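A quick write-up on the structure given underneath.
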Amino acid sequence: MSTSPKNRMRVLVVGAGYAGATAAVRLAGRSRGRVEVTVVNPRPTFVNRLRLHHLAVGRRVPAPDLAELLGRGVTFVEGYVTDLDPDAGRARISGPDGMREVSFDRVVLATGSTTEPVPVPGGDHVHAVGDLESAHRLRAAFAALPEGADAAVVGGGLTGLETVGELAETRPDVRVRLVTAGEVAAWFTPRAADYVRRTLAGLNVETLGDTHVLAVEPDRLLLADGAELPSALTVWCGGFAAPPLARESGIAVDAQGAVITDATLRSLSHPTVLAVGDSGHTPGPGGDRYSMSCQFAFPSAMHAANLLRAEALDLEPRPGRSAFNLSFTARCVSLGGHNAVLQKTDHDDVATGRAWTGRTARLVKAIQVRGVVTNIAVERRIPGVIGWPHADPATRPAAQPLPG
């Protein structure tokens, strides 16, 4: 499918999180009126995913109005895309006002991700913190725990660390444990890992590394070594999976449901589809996919907007700029409201070198969790102003020609 240079390109953006909102405002603001941008999102307010663990423990988290955040240059539609036909360029949307159909020339999938299904028996007994609805359910269950109850967070990744720290700090009257199949804080460099473990111990979090959960019951975890661990509230912080929309639409996806793309963020099976943020499986400099994070979401969204702008305006891509190029620089992880670690990384998002703690890390984390909305607003007011760190061009995947 192609668009005539004399016509406006119709771009449908599915999802209005970090990636979707950023792609929409950047494209609408830079396309000189040659692109019609429509955004579909299930709710009318913005979800700051970096703060879902705050919401889960009862902290107030602002939820800006999406129509206002996106601005007048973007058409906002509240609802769910129930049927997406990338070949015909049509999407059916179910919203508060019923069903409607939207036609498009290009679609940007920015549906994000949720926690993967629990891979052991008893998954219906666990809570999660990977999406807004799960965070609300966890909030009610956590608040209802009696004094002296046991709670467990399963999964020692960055989400698990932030969640367990928040739970323990908020309710010191609850016995909180972190259960992880690997070494506790294994992702960090040794000095930073030691700080993480000491900080969790200071919050009275019992950490169990190299521990495998075989099943979850309403009041306990059954472990691979035969032991039982009491838990009246279990929070599962395993891996992430993309929503089923892409798979159900016949688009090529990986095992987690993320759209398999080339280095330009275009779907390998449907070149009119671009996938950004957690929705896309895009080859990174090391050959594996880019890490799922806001550090990938924002740059991938801006790159997709740049590509669609060039296509709509019939501009020749700048040499070497068609392939997406991102270098990770650092990760900042909170451990409750008063501790954090800022860990330097290499361009593949592997922890390396120095780590900062104390006031510096806390300040960076505060800027990160509160600055995402500001970044979208700035991009709307001054489209194209925000950039991102690039890796050495020699390590970047080459852009592949589109089919046909």
Side-chain angles (χ1 to χ4, degrees), residues 13 15-30 39 41 43 45-57 59-71 74 110 112-113 129-132 135 158-159 161-163 165-166 276-278 290-306 326-345 347 349 355-390:
V13 180
Y18 302 149
T22 300
V25 298
R26 189 180 183 102
L27 178 58
R30 300 191 69 215
V39 173
N41 195 67
R43 59 190 62 83
T45 54
F46 180 80
V47 175
N48 190 343
R49 186 166 178 173
L50 286 175
R51 301 196 64 185
L52 288 178
H53 57 294
H54 294 164
L55 182 68
V57 298
R59 292 171 62 179
R60 180 182 177 275
V61 178
D65 180 84
L66 267 175
E68 182 178 339
L69 182 63
L70 295 172
V74 175
S113 62
V129 74
D131 58 79
L132 183 64
L158 306 187
T159 300
L161 291 175
E162 294 201 326
T163 301
E166 207 69 42
V276 295
D278 291 357
Y290 281 100
S291 297
M292 300 166 77
S293 68
C294 64
Q295 286 193 62
F296 173 62
F298 282 109
S300 65
M302 292 185 281
H303 182 79
N306 291 348
L326 166 66
S327 176
F328 286 88
T329 56
R331 286 287 191 112
C332 197
V333 181
S334 64
L335 301 167
H338 301 90
N339 298 281
V341 185
L342 175 61
Q343 173 68 66
K344 186 178 182 297
T345 69
H347 64 261
D349 199 29
W356 293 263
T357 59
R359 183 177 180 181
T360 298
R362 292 196 304 271
L363 178 61
V364 170
K365 189 62 181 180
I367 293 172
Q368 181 189 47
V369 298
R370 291 175 173 82
V372 290
V373 177
T374 301
N375 285 345
I376 296 168
V378 168
E379 187 63 38
R380 186 192 71 232
R381 290 193 296 268
I382 315 173
V385 70
I386 299 177
W388 63 92
H390 288 62

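Just the heavy atoms: all of them, side chains too, but no hydrogens, waters or symmetry mates, feed the values below. Residue numbers start at 1 and run along the sequence shown. Because the structure is predicted, anything quoted here is derived from the model rather than measured.
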Pairwise side-chain contact, [X] with [Y], heavy-atom cut-off 4.5 Å (strictly under):
{"X": "M302", "Y": "I386", "value": "yes"}
{"X": "W388", "Y": "L326", "value": "yes"}
{"X": "C294", "Y": "Q368", "value": "yes"}
{"X": "E379", "Y": "F298", "value": "no"}
{"X": "L335", "Y": "L161", "value": "yes"}
{"X": "T45", "Y": "P64", "value": "no"}
{"X": "F46", "Y": "I376", "value": "yes"}
{"X": "V74", "Y": "L27", "value": "no"}

Start with the C-alpha distance between E166 and R59, add both sets of side-chain angles, then the distance that settles side chain to side chain contact (heavy atoms under 4.5 Å, CB included), and finish with yes or no.
CA-CA 10 Å; E166 207 69 42; R59 292 171 62 179; 2.8 Å; yes

Tell me the side-chain hydrogen bond (donor to acceptor under 3.5 Å, both in side chains) pairs involving residues 327-343, sequence neighbours left out?
E162-S334, E169-H338, T189-Q343, Y195-N339, R331-D349

Which word best sums up how the rings of F296 and Y290 line up, parallel for under 30°, tilted for 30 to 60°, or perpendicular for over 60°?
parallel

Between [X] and [Y], what is the shortest heavy-atom contact and its length?
{"X": "L70", "Y": "A24", "value": "CD2-CB, 4.4 Å"}
{"X": "S300", "Y": "G277", "value": "OG-N, 3.0 Å"}
{"X": "A301", "Y": "T22", "value": "CB-CB, 4.0 Å"}
{"X": "A304", "Y": "V276", "value": "CB-CG1, 3.6 Å"}
{"X": "A56", "Y": "V129", "value": "CB-CG2, 4.3 Å"}
{"X": "A340", "Y": "A361", "value": "O-CB, 3.4 Å"}

Quick check: does any side chain N or O of [X] sit under 3.5 Å from a backbone N or O of [Y], one acting as donor and the other as acceptor?
{"X": "K365", "Y": "C332", "answer": "yes"}
{"X": "T163", "Y": "T159", "answer": "yes"}
{"X": "Q295", "Y": "A330", "answer": "yes"}
{"X": "R380", "Y": "R26", "answer": "no"}

Under the rule for side chain to side chain donor-acceptor pair (under 3.5 Å), what residues qualify as partners of [X], not counting sequence neighbours?
{"X": "R49", "result": "S113"}
{"X": "N48", "result": "Y18"}
{"X": "R370", "result": "none"}

Sequence-distant partners of R381, side-chain contact (heavy atoms from CB on, under 4.5 Å), two or more places apart
A377, V378

Would you give the length of the straight line joining atom CG of L158 to atom OG of S293, rounded to the nearest 0.5 angstrom?
9.5 Å

What distance do T345 atom OG1 and H347 atom NE2 have between them, rounded to the nearest 0.5 Å?
10.0 Å

For H53, give me all partners under ring pair (Phe, Tyr, Trp, His ring centres under 6.0 Å), at least two apart in sequence or on another chain.
none

Hey, mind stepping through L66 and L69 against side chain to side chain contact (heavy atoms under 4.5 Å, CB included) and telling me if it holds?
CA-CA 5 Å; L66 267 175; L69 182 63; 4.3 Å; yes

